[in-house]
Amino acid sequence: MTKKIKQKSLVERNLHFIVVAIVTLIIGAVYVNKTRASSGAPQIAAAAADAGMMAGENVMAPDFALTSTDGKSIRLSDFRGKVVIVDFWATWCGPCKAEIPDFIKLYSKYKDAGLQMIGVSVDAGGLKDVVPFMKQYGINYPVVLATEEVVGAYGGIRGIPTTFIVDKKGYVREAFVGYRPASTFESVISELASEK
């Protein structure tokens with residue numbers, strides 16, 4: 001009899017622990033959602049938060065001046081008036097390799113409509129890794145080499161590819177971490193291209 005009572009007591013304690021854990025998780029989720037909603041920041045995709053930046057009309061894309069693979073200085077602010085895709089990537093990154101053919105096609109299709117692509121390579125090997133890769137893939141847009149300062153300015157870039165879409169006024173409108181199909185970018189590009 002006492003054995004059954006002890007077993008029942010153990011089951012009740014475990015059940016109590018599980019209920020407390022579930023309630024704690026629910027309260028935590030509600031608190032996080034309320035905090036986000038009351039912060040005044042625009043609602044953003046989870047990927048933008050993962051990228052360490054908040055996408056929306058109130059966040060200016062950090063300007064940079066980086067050297068491209070052909071030795072030119074590329075400054076983000078030089079492209080005001082255009083929609084700019086800033087893509088942090090590396091030659092060894094599988095998802096990056098999967099996105100690049102789509103970026104090549106998107107740039108070919110929309111560059112005359114005001115799209116600018118900028119690839120920001122985070123490869124440790126620099127030009128010796130990037131230039132042969134660009135030739136192999138036929139990359140048709142400028143690629144610059146990242147610096148620690150630029151990576152930090154864009155939230156630390158915790159995963160690649162990390163891609164920011166910057167509107168004509170220089171504000172980050174979308175940010176994505178990880179592979180996305182061309183249609184994801186195309187829908188944002190076409191919407192932003194029509195804005196004045």
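- Trp89 and Tyr179 fall into different hydrophobic clusters, where Ile, Leu, Val, Met, Phe, Trp and Tyr residues are linked whenever their side-chain heavy atoms come under 4.5 Å apart, directly or through other members.
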Decide side chain to side chain contact (heavy atoms under 4.5 Å, CB included) for Ile85 and Ile118; before the verdict, give the C-alpha distance in whole Å, the side-chain angles of both, and the deciding distance to 0.1 Å.
-> CA-CA 6 Å; Ile85 294 179; Ile118 303 173; over 6 Å; no
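- Cluster membership check: Ile157 shares its hydrophobic cluster with Trp92, using side-chain heavy-atom separations under 4.5 Å among Ile, Leu, Val, Met, Phe, Trp and Tyr.
- Counting only heavy atoms from C-beta outward, the side chains of Arg173 and Glu195 approach each other to under 4.5 Å.
- Criterion: ILVMFWY side-chain heavy atoms under 4.5 Å apart, direct or through other members. Under it, Val151 and Val172 are part of a common hydrophobic cluster.
- Other residues, nucleotides and ligands contribute at most 12 non-hydrogen atoms within 6.0 Å of the NZ atom of Lys105.
- Scanning both residues, Ala182 and Leu106, for their nearest heavy atoms gives O-CD1, 4.2 Å.
- Side-chain atoms of Asp123 do not come within 3.5 Å of backbone N or O of Gly126 as any donor-acceptor pair.
- For the atom pair Leu115 CG and Ser108 OG, the distance stands at 10.0 Å (nearest 0.5 Å).
- Using a 3.5 Å distance cut-off with no hydrogens or angles, the side chains of Tyr110 and Glu186 do pair a donor with an acceptor.
- We find the CD1-NZ distance between Ile104 and Lys109 to be 15.5 Å, quoted to the nearest 0.5 Å.
- Between Arg158 and Val177 the shortest side-chain heavy-atom distance does not fall below 4.5 Å.
- A side-chain N or O of Asp63 and one of Ser77 form a donor-acceptor pair less than 3.5 Å apart.
- Across all their heavy atoms, Pro95 and Pro161 have their closest contact at CB-CD, 3.7 Å.
- Between Val83 and Ala193, the shortest heavy-atom contact is CG2-N, 3.9 Å.
- Side chains of Gln116 and Val166 form no contact here, defined as non-hydrogen atoms less than 4.5 Å apart.
- Closest approach of Tyr154 and Ala61 over heavy atoms only: OH-CB, 3.8 Å.
- Atoms NZ and CG, from Lys82 and Leu76 in turn, are 12.0 Å apart once rounded to the nearest 0.5 Å.
- The CG atom of Leu192 lies 6.0 Å from the CG atom of Asp167; values are rounded to the nearest 0.5 Å.
- A distance of 8.0 Å separates CD in Glu99 from CZ in Arg180, rounded to the nearest 0.5 Å.
- Residues Val144 and Thr67 fail the side-chain proximity criterion, which asks for heavy atoms closer than 4.5 Å.
- Counting heavy atoms from C-beta outward, Phe185 and Asp87 have side chains that stay 4.5 Å or more apart.
- Under the 4.5 Å side-chain criterion, counting only non-hydrogen atoms from C-beta, Tyr107 is not in contact with Ile139.
- Both Phe103 and Leu145 are members of a single hydrophobic cluster when ILVMFWY side chains are connected at heavy-atom separations under 4.5 Å.
- Side-chain contact between Asp102 and Ile100 is absent, with no heavy atoms from C-beta onward closer than 4.5 Å.
- Taking the six-membered ring for Trp and thresholds of 30 and 60 degrees, Phe88 and Phe164 have ring planes more than 60 degrees apart, a perpendicular arrangement.
- Going from atom OG of Ser187 over to atom CD1 of Ile165 covers 7.5 Å, rounded to the nearest 0.5 Å.
- Annotation for Arg80 and Gly170: closest pair NE-CA, 3.5 Å, computed over non-hydrogen atoms.
- Residues passing the ring-ring contact (aromatic ring centres under 6.0 Å, His included) test with Tyr137 are Phe133, sequence neighbours excluded.
- Looking only at side-chain heavy atoms (C-beta outward), Thr147 and Leu66 come within less than 4.5 Å of each other.
- In this structure a side-chain-to-backbone donor-acceptor pair under 3.5 Å is present from Ser68 to Lys72.
- Closest non-hydrogen pair, Ala90 versus Ile160, comes out as CB-CD1, 3.6 Å.
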